[in-house]
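The structure under discussion appears below in the form of structure tokens.
Worth saying up front: this structure is predicted, and the values here are computed from it rather than measured. Just so you know, ligand 1 is whichever comes first in the structure, and atom 1 is the first atom listed for that ligand.
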Amino acid sequence: MSNIKFLPFALPDIGDEEINEVAHALRSGWVTTGPKTKQFETDFTAFLGDSTLESIAVNSATSGLHLALEAVGVGIGDEVIVPTYTFTATAEIVRYLGATPVMVDVDPLTFNMTAESFLSAITDKTKAVVPVHFAGLACDMDSIIDVAKKHNIKIIEDAAHALPTRYKGRLIGTLDTDITVFSFYANKTMTTGEGGMVVTRNQELAKRCKVMRLHGISRDAFDRYTSTKPAWFYEVIAPGFKYNMPDIAAAIGIHQLRRLPSFQEKREQMASIYFDAFKDLPLDMPASAKENDSHAWHLFPVKIKSEAGIERARFIEKMAELGIGCSVHFIPLHLHPYWRETYSLTPEMFPVAQQIFEQEVSLPLYTKMTYDDQKRVIEAVKQVLLDV
Ligand SMILES: *Cc1c(COP(=O)(O)O)cnc(C)c1O
């Protein structure tokens with residue numbers, strides 16, 4: 001075993017094009033936000049295939065989600081509905097603005113927030129909802145949009161896992177919601193090291209996000225005076241943030257985006273290989289996309305059935321002994337000390353998410369893996385489950 005290479009849970013897939021573009025940025029003398037970021041934004045809108053959208057590059061999805069909630073006017077005293085089954089970023093951004101995140105339970109098959117759980121959490125303080133497309137499978141957006149419109153609630157999609165994901169034939173990012181935010185963190189379906197993209201069709205929201213992305217400096221005010229004022233002149237109209245994406249990161253993103261269709265094809269192939277290989281094992285397989293939807297397969301989450309006779313923690317330990325890295329997505333928000341104690345959350349309030357969490361394991365699925373690597377994962381899973 002000691003001579004077997006450890007297969008990590010995730011690795012980025014960086015090619016020579018990305019490396020050369022970064023070198024070009026470094027040699028150009030323009031390392032922060034500039035021409036490459038501009039190009040990456042233009043390319044991103046083109047990828048989504050809807051020229052009415054504006055893409056705004058930021059230094060993380062967390063920053064993007066913060067900008068999005070700020071732009072729609074979330075503030076002190078407001079409530080924002082989020083699934084408990086997510087990464088802490090989805091909820092922490094609500095706290096940045098002094099508002100209250102209201103956690104809801106999820107669907108047992110997709111692990112996504114449902115329109116019913118969303119509806120049941122609405123109060124007269126609800127300002128926004130942040131659906132998360134878990135693992136890369138879209139939430140039931142028509143129903144969520146329907147509820148949100150009826151109650152005048154803003155929708156900010158946390159699409160950190162959902163690039164590219166289709167819902168009823170349309171890419172996530174192009175639906176009839178207020179803002180969608182993608183992540184380019186190191187382990188996501190494409191990466192810029194750190195980075196994110198804010199996408200919206202609403203010109204007012206786009207303008208606010210762009211101003212707040214860079215210190216609250218107003219480009220409008222700037223443009224208005226450029227003819228009469230010198231180049232050094234600018235005006236600050238709000239206490240903004242420092243969330244811009246540097247060209248060094250955008251250089252990576254430009255090429256990752258071009259490779260995204262081939263990444264996606266490989267992820268889909270790998271997912272279908274796992275489905276075939278695990279048919280007869282005591283595992284609950286992840287939900288797959290419905291007709292006209294597509295799954296980004298950012299994660300491959302399985303649940304270990306109780307009849308398997310092995311606890312999740314022990315399963316992960318044994319996989320590691322066989323040289324395979326696994327992970328858990330997610331430790332739900334209601335179990336983390338800060339969220340649990342601040343909002344008096346208990347597992348009984350989220351029976352579905354709690355049960356998913358207790359059985360869930362994420363298996364490695366990424367484009368840097370070879371099909372031989374995947375075979376090793378499959379053999380290890382079989383060995384661990386049949387050995388008990
Ligand atoms: C990764 C992730 C984020 C945060 O993305 P960053 O780009 O690292 O800020 C937000 N939400 C979910 C569901 C994520 O998985």
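Applying the 4.0 Å criterion to heavy atoms of Thr90 picks out, from ligand 1, the atoms 11 (N). Atoms of ligand 1 lying under 4.0 Å from at least one heavy atom of Thr62, given by number and element, are 4 (C), 6 (P), 9 (O). Close approach to Gly195 involves these atoms of ligand 1, each under 4.0 Å from a residue heavy atom: 7 (O). Within ligand 1, counting atoms from 1 as listed, the ones closer than 4.0 Å to a heavy atom of Thr86 are 13 (C). Under a 4.0 Å criterion applied to the non-hydrogen atoms of His161, ligand 1 contributes the atoms 13 (C), 14 (C), 15 (O). Proximity to Ser183 (heavy-atom distance under 4.0 Å) selects the following atoms of ligand 1: 5 (O), 6 (P), 7 (O).
A heavy-atom separation below 4.0 Å is not found between Ser63 and ligand 1. Note on ligand 1: His329 sits outside its first shell, no heavy atom being nearer than 4.0 Å.
Using a 30° and 60° split on the angle between ring planes, Phe40 and Phe184 fall in the tilted class, from 30° to 60°. Phe111 and Tyr85 have perpendicular rings, their planes meeting at more than 60° on a 0 to 90° scale where under 30° would count as parallel. In this structure, Phe300 and Phe275 have perpendicular ring planes: the angle between them is above 60°, well past the 30° mark.
Under the 4.5 Å side-chain criterion, counting only non-hydrogen atoms from C-beta, Val381 is in contact with Leu281.
Considering only non-hydrogen atoms, atom 11 (N) of ligand 1 lies nearest to Asp158 out of Leu65, Thr192, Val132, Asp158. In this structure, of Glu194, Met197, Lys188, the residue bringing a heavy atom nearest to atom 3 (C) of ligand 1 is Lys188.
Side-chain contact of His298 with Thr189: a donor-acceptor pair under 3.5 Å is absent, judged by distance alone.
For a threshold of 3.5 Å applied to N or O pairs, the pair formed by Ala61 and ligand 1 contains at least one separation below that value.
One distance of note links NZ of Lys188 with OG1 of Thr191; it measures 9.5 Å at 0.5 Å rounding.
Atom 8 (O) of ligand 1 has as its closest protein heavy atom Tyr185 CB, 3.7 Å.
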Between Phe182 and Phe44, is the ring-ring contact (aromatic ring centres under 6.0 Å, His included) condition met? List the steps. CA-CA 11 Å; Phe182 296 95; Phe44 201 83; 5.3 Å; yes
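Ring centroids of His161 and Tyr185 are separated by 6.0 Å or more, keeping the two rings apart.
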